[in-house]
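For ligands, and for the atoms within them, numbers begin at 1 and follow the listed sequence. The figures here come from the full heavy-atom set of this structure, side chains too, leaving out hydrogens, waters and symmetry mates.
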Amino acid sequence: MKTKDAGFNSKLIHSGGIKDPLGSAVTPIYQTSTFSFKSAEHGAKCFSGESDGYIYTRIGNPTIADLENTMAELENGYGGIATGSGMGAVNTVYMTYLGQGSHIVCTQAVYGPSRGILETIYPKFGVEATFVDSTDIKNLENAIQENTKLIYLETPANPTMDIADIKAICELAHSKGIKVCVDNTFCSPYLQKPLDLGADVVLHSMTKFINGHADIVAGIVVAKTEEDYKKLRPMMINLGCNMDPNQAYLTRRGLKTLSIRIDKAQENCIKVADYLTKHPKVSWVKYPGLKDHPQYELGKQQMNGPGAMISFGLKGGFEAGEKLMNSVELALLAVSLGGIETLIQHPASMTHSKLTKEGREAAGITDDLVRYSVGIEDVEDIIKDLEQALAKI
Ligand code: LCS
């Protein structure tokens with residue numbers, strides 16, 4: 001089936017373009033490190049690019065290509081570059097666009113290590129970073145320098161749920177010749193398509209919603225144009241942060257049910273958000289589906305739904321948070337997100353603990369912030385679990 005013009009759900013099932021010669025219904029796992037050439041001439045043509053045959057799995061592999069092609073179609077991009085983890089994708093993008101004497105403007109509320117490496121590793125290579133509250137485009141405008149090469153956005157941001165205006169920021173960036181990369185992990189292409197809004201590159205921790213079953217770690221970069229793809233792909237290959245065929249197979253399998261998983265988790269999350277806003281022990285709730293979210297209107301414009309991630313604060317602060325974490329019975333106390341199981345975690349002591357307290361505060365990560373990833377269990381059970389755990393505070 002030609003999937004280019006098909007609907008999103010048909011793409012989830014049928015995109016990929018790798019046809020098994022024996023006719024298997026799913027793309028097999030080509031668990032091989034290397035591929036034999038038909039002849040010396042064929043080998044030479046594979047290397048020169050005259051033949052699109054496979055060479056070596058770090059460079060490319062049919063099982064991985066199936067996933068890369070699918071993600072590129074879902075994001076409306078030119079090509080996908082799968083990586084061994086989400087951080088592999090982040091580093092592939094940073095290393096491609098940044099170098100000695102260059103500057104990046106990055107959302108201040110961002111997954112901890114995506115910011116952390118800009119503070120600790122990239123300065124060693126002469127890269128300077130400015131972190132801004134990207135909910136206000138003026139902050140980005142003011143942060144741009146002569147040597148700014150990349151604007152890096154995460155929207156909604158982990159874990160503050162802040163939303164940045166992708167379209168307006170891309171217009172600003174492009175007027176100054178700056179590339180824009182959006183980490184689309186919290187939405188997936190089902191809820192948001194950054195490339196359609198003007199971004200040059202989109203990336204994911206596929207560990208989350210894309211795979212959705214908490215059984216692998218994986219990442220991907222999708223480039224909008226052939227030109228960017230041709231810069232990004234060799235970087236991934238040379239950094240050696242490629243994916244394994246087994247990982248690709250599981251991710252492609254998980255991806256098939258993306259829309260029905262997100263529909264169910266989101267439906268649950270809307271009810272959980274409503275429940276939490278009314279709870280006397282909860283001081284605040286941040287969820288793009290709530291009218292009091294500061295960027296509620298923007299979220300409605302650029303996202304197809306509010307998603308299944310929620311952040312909230314407890315009146316009792318840090319201690320109350322600790323008590324809640326130790327009292328949940330259905331939700332797993334675990335980092336990661338976007339899976340079929342409900343997860344709860346405390347960013348200040350877990351995912352964002354490597355940032356300084358000032359860094360966390362500047363990023364809006366208060367000590368009372370609880371991050372909740374809503375799964376696809378029965379919502380009555382999710383709420384019953386929160387009820388009994390909140391009662392213990
Ligand atoms: N981008 C975002 C938005 C993430 O949430 C994560 C991981 C990454 C990139 C990195 O992806 P990874 O290498 O782990 O596949 N986020 C995590 C979190 O919130 N808890 O544990 C991991």
Looking only at protein heavy atoms, which one is nearest to [atom], and what is the separation?
atom                    : answer
atom 7 (C) of ligand 1  : K208 NZ, 2.6 Å
atom 15 (O) of ligand 1 : T207 OG1, 2.6 Å
atom 8 (C) of ligand 1  : Y111 CD2, 3.3 Å

Item to check | Any M350 heavy atom less than 4.0 Å to ligand 1 | outcome: no
Item to check | Whether S336 lies under 4.0 Å from ligand 1, heavy atom | outcome: yes
Does [Y] offer a backbone N or O that forms a donor-acceptor pair with the side chain of [X] under 3.5 Å?
X    : Y    : value
T107 : E154 : yes
T70  : S15  : yes
K315 : P280 : yes

Next on the checklist: Set out, in order, the CA-CA distance, both residues' side-chain angles and the distance that settles salt bridge (Lys or Arg N to Asp or Glu O under 4.0 Å) for K45 and E41, then state yes or no.
Outcome noted: CA-CA 6 Å; K45 280 186 177 164; E41 291 75 27; over 6 Å; no
Next on the checklist: Please compare T351, N91, V110 and report which has the shortest non-hydrogen distance to atom 18 (C) of ligand 1.
Outcome noted: T351
In ligand 1, which numbered atoms sit nearer than 4.0 Å to a non-hydrogen atom of [X]?
X    : answer
E154 : 3 (C)
T185 : 1 (N), 2 (C), 3 (C)
D183 : 1 (N), 2 (C), 3 (C), 9 (C)
R371 : 18 (C), 19 (O), 20 (N)

Next on the checklist: Within the structure provided, determine whether K193 and N184 are in side-chain contact (heavy-atom separation under 4.5 Å).
Outcome noted: no
Checklist entry - Below 4.5 Å, heavy atoms only, C-beta onward: do W284 and D368 meet side chain to side chain? => result yes
Sub-3.5 Å N/O-N/O distance, [X] and ligand 1:
X    : answer
M87  : yes
Q345 : no
S114 : no
G86  : yes
N158 : yes
S205 : yes

Next on the checklist: Within a 6.0 Å radius of atom CG on N326, are there more than 12 heavy atoms belonging to other residues, nucleotides or ligands?
Outcome noted: yes
Item to check | Heavy-atom neighbours of K300 NZ exceed 12 at 6.0 Å | outcome: no
Checklist entry - How does H204 reach ligand 1, by side chain, by backbone, by both or by neither, if only non-hydrogen atoms under 4.0 Å count? => result neither
Checklist entry - Could you give the distance from CZ (R252) to CE (M71), rounded to the nearest 0.5 Å? => result 10.0 Å
Item to check | Check: D162/T135 side-chain N/O donor and acceptor closer than 3.5 Å | outcome: no
Checklist entry - Would Q388 and K392 count as a side chain to side chain donor-acceptor pair (under 3.5 Å) if you check the C-alpha gap in whole Å, the side-chain angles of each, and the deciding distance to 0.1 Å? => result CA-CA 7 Å; Q388 65 79 25; K392 294 199 175 115; 2.8 Å; yes
